[in-house]
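I have placed the structure first, in the form of structure tokens, so that the comments after it can refer back to it.
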Amino acid sequence: MALTGRAALLAALGSVPIGIWEPSLTGILAVNVPLAAACACDFALAAPVRRLRLSRSGDTSTRLGDAADVMLTVTNPSARPLRAHLRDAWPPSSWLPGAETAASRHRVTVPAGERRRVTTRLRPTRRGDHRSDRVTIRSYGPLGLFTRQGTHRVPWTVRVLPPFASRKHLPSKLSRLRELDGRTSVLTRGEGTEFDSLREYVPGDDTRSIDWRATARQTGVAVRTWRPERDRHILLVLDTGRTSAGRVGDAPRLDASMDAALLLAALASRAGDRVDLLAYDRRVRALVQGRTAGDVLPSLVNAMATLEAELVETDARGLTATALRSAPRRSLVVLLTTLDAAPVEEGLLPVLPQLTQRHTVLLASVADPQIARMARARGTTDAVYEAAAAAQAQSERERTADQLRRHGVTVVDATPDNLAPALADAYLELKAAGRL
């Protein structure tokens, strides 16, 4: 790092005998007048920092795991050229580990009266809003003996959105949806289906679907096709209490729940259903309602970006009351919460009948894959004890799921990688059975 002021001068005069320059800086200048004049000239020729004008442009949002480019434009209105080192400071979570020094520091040269642009590439490691800090500029004279240094605040915010890794499953789920929607030969009929069209009978069709009146008017046998009813309401409820803060692998349970909710929202909106979001622990953390099919996914992603798990016990009674207000008509309520025995038995089960009486309820929970690995472990005494503990944990979890099923709740319990497709399959099964 370059020295400034008195320290730089003393370093430059390091060859002067100590007896000459030790008493005072005045004595040094008297002895080495040419060097002192050079230093004064160098300082005078360094471009002033505080007169610089700075502005930003570039990305305002990115997905977690992707890069964001933020441009900083430096305008030099002075009559002296700017030769500077610049540091564009951002929070530590805006960079990959060890990458901050190389990414945030720039060398910049701006001729008098001109402007130049530098680009800072962010690679955030956390969701949420990342706000820029100060821009520090160190302006050098032509000899590099003295510098002028100052800071500017140039506000900018980059919102880091959930990565939506489960979108890779969307094409296969849409294919299943098209099968349910009467666009292929695989057709279903149930309480929640409506008449779609007539087509010619093919071997294997259910004879109960034959339309005898239409058959009498034509030479071939006609069958009715059915499709699931559209415009159903789905309320996604994210539990943001303390249980969602537990980490499974490298991410909190809340992140896996959000990823599953996004896949379900994308699928349901394509199916013609209306999707809302409620995030709750002891108060409403996010609420998205009344979005159109084309706007629902961006709205959900934007609302989820700043959500963080709160280290408080979720108020199940308040959550239920808020969900009932958010879904006044019969809906599919998807609870993304825990299957741990204590929170379910003490919090959710006492108020669950209020939901199940009016709505179809589906509960999705993130399972820890480490528990399954522990349950399979053998070979040592410690491994056997771990397997026994894991088996007990699995048994308690299954017992809790059975209690919920007896109340009419559909339960999805899967690891983070499998939760999103499993939840989408459960939605399609409910739709195929006419329960929406």
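Atom set for the values below is all heavy atoms of this structure, side chains included, hydrogens, waters and symmetry mates excluded.
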[X], [atom1]: over 12 other non-hydrogen atoms inside 6.0 angstrom:
{"X": "D250", "atom1": "CG", "result": "no"}
{"X": "R115", "atom1": "CZ", "result": "no"}
{"X": "R373", "atom1": "CZ", "result": "yes"}
{"X": "R167", "atom1": "CZ", "result": "yes"}

Does the side chain of [X] pick up a donor-acceptor pair with the side chain of [Y] at under 3.5 Å?
{"X": "D239", "Y": "S244", "answer": "no"}
{"X": "T415", "Y": "N418", "answer": "yes"}
{"X": "T240", "Y": "D281", "answer": "yes"}
{"X": "H233", "Y": "D273", "answer": "no"}
{"X": "R105", "Y": "H85", "answer": "no"}
{"X": "T62", "Y": "D66", "answer": "no"}
{"X": "S78", "Y": "N76", "answer": "yes"}
{"X": "T400", "Y": "R397", "answer": "no"}
{"X": "T338", "Y": "D340", "answer": "yes"}
{"X": "H106", "Y": "T120", "answer": "yes"}

Is there a side-chain contact between [X] and [Y] in this structure, where contact means two heavy atoms from C-beta onward sitting under 4.5 Å apart?
{"X": "R242", "Y": "V312", "result": "no"}
{"X": "L363", "Y": "T337", "result": "yes"}
{"X": "L238", "Y": "L307", "result": "yes"}
{"X": "L287", "Y": "Y280", "result": "no"}
{"X": "L324", "Y": "H359", "result": "yes"}
{"X": "V412", "Y": "L419", "result": "yes"}
{"X": "T75", "Y": "R116", "result": "no"}
{"X": "V334", "Y": "L235", "result": "no"}

Expected output: side-chain [X] to main-chain [Y] donor-acceptor under 3.5 Å:
{"X": "D259", "Y": "S166", "value": "yes"}
{"X": "S269", "Y": "A265", "value": "yes"}
{"X": "S395", "Y": "A391", "value": "no"}
{"X": "S139", "Y": "A47", "value": "yes"}
{"X": "R291", "Y": "L297", "value": "no"}
{"X": "R127", "Y": "V160", "value": "no"}
{"X": "S94", "Y": "W90", "value": "no"}

Do the charged groups of [X] and [Y] touch, with an N to O distance under 4.0 Å?
{"X": "K173", "Y": "D425", "value": "yes"}
{"X": "D133", "Y": "R131", "value": "no"}
{"X": "E429", "Y": "K431", "value": "no"}
{"X": "R282", "Y": "E313", "value": "no"}
{"X": "E345", "Y": "R399", "value": "yes"}

Say you draw a straight line from [atom1] of [X] to [atom2] of [Y]; how long is it, rounded to the nearest 0.5 Å?
{"X": "L278", "Y": "L336", "atom1": "CG", "atom2": "CG", "result": "11.0 Å"}
{"X": "R176", "Y": "L267", "atom1": "CZ", "atom2": "CG", "result": "9.5 Å"}
{"X": "L236", "Y": "L277", "atom1": "CG", "atom2": "CG", "result": "6.0 Å"}
{"X": "L423", "Y": "L263", "atom1": "CG", "atom2": "CG", "result": "7.5 Å"}
{"X": "S257", "Y": "M304", "atom1": "OG", "atom2": "CE", "result": "9.5 Å"}
{"X": "S61", "Y": "L161", "atom1": "OG", "atom2": "CG", "result": "5.0 Å"}

Which atom pair, heavy atoms only, marks the closest approach of [X] to [Y]?
{"X": "G58", "Y": "W156", "value": "O-CZ2, 3.6 Å"}
{"X": "H169", "Y": "D417", "value": "NE2-O, 4.4 Å"}
{"X": "G241", "Y": "T314", "value": "CA-OG1, 3.2 Å"}
{"X": "P350", "Y": "E346", "value": "CG-O, 3.8 Å"}
{"X": "P343", "Y": "T243", "value": "CG-CG2, 4.1 Å"}
{"X": "V366", "Y": "A256", "value": "CG2-CB, 3.9 Å"}

Under the ring-ring contact (aromatic ring centres under 6.0 Å, His included) rule, collect the residues that match up with H130, sequence neighbours excluded.
none
Applying the side chain to side chain contact (heavy atoms under 4.5 Å, CB included) test to I137, which of T151, T147, L86 qualifies?
L86
Test V135 against every option in R153, R56, R87 by the side chain to side chain contact (heavy atoms under 4.5 Å, CB included) rule and name the one that passes.
R56
For T136 and Q149, what are the C-alpha separation, side-chain angles and deciding distance, and is it a side chain to side chain contact (heavy atoms under 4.5 Å, CB included)?
CA-CA 7 Å; T136 303; Q149 181 169 306; 4.1 Å; yes
Check D88, D59, D69 against R121 for a salt bridge (Lys or Arg N to Asp or Glu O under 4.0 Å) and give me the one that passes.
D69
Could you go through R330 and R358, starting from their C-alpha distance and side-chain angles, then the distance that decides it, and tell me whether this counts as side chain to side chain contact (heavy atoms under 4.5 Å, CB included)?
CA-CA 6 Å; R330 184 165 185 81; R358 293 175 53 180; 5.5 Å; no
In sequence, state the C-alpha distance, the side-chain angles, and the governing distance for D315 and R283, and then conclude on salt bridge (Lys or Arg N to Asp or Glu O under 4.0 Å).
CA-CA 8 Å; D315 177 11; R283 63 180 179 87; over 6 Å; no
Please assess L177 against L428 for the test side chain to side chain contact (heavy atoms under 4.5 Å, CB included), listing each intermediate value before the final yes or no.
CA-CA 7 Å; L177 178 63; L428 291 172; 4.1 Å; yes
My understanding is that only one of N302, T60, T306 makes a side-chain hydrogen bond (donor to acceptor under 3.5 Å, both in side chains) with R159; could you say which?
N302
Derivation and outcome, side chain to side chain contact (heavy atoms under 4.5 Å, CB included), residues M258 and F164:
CA-CA 8 Å; M258 289 192 298; F164 192 14; over 6 Å; no
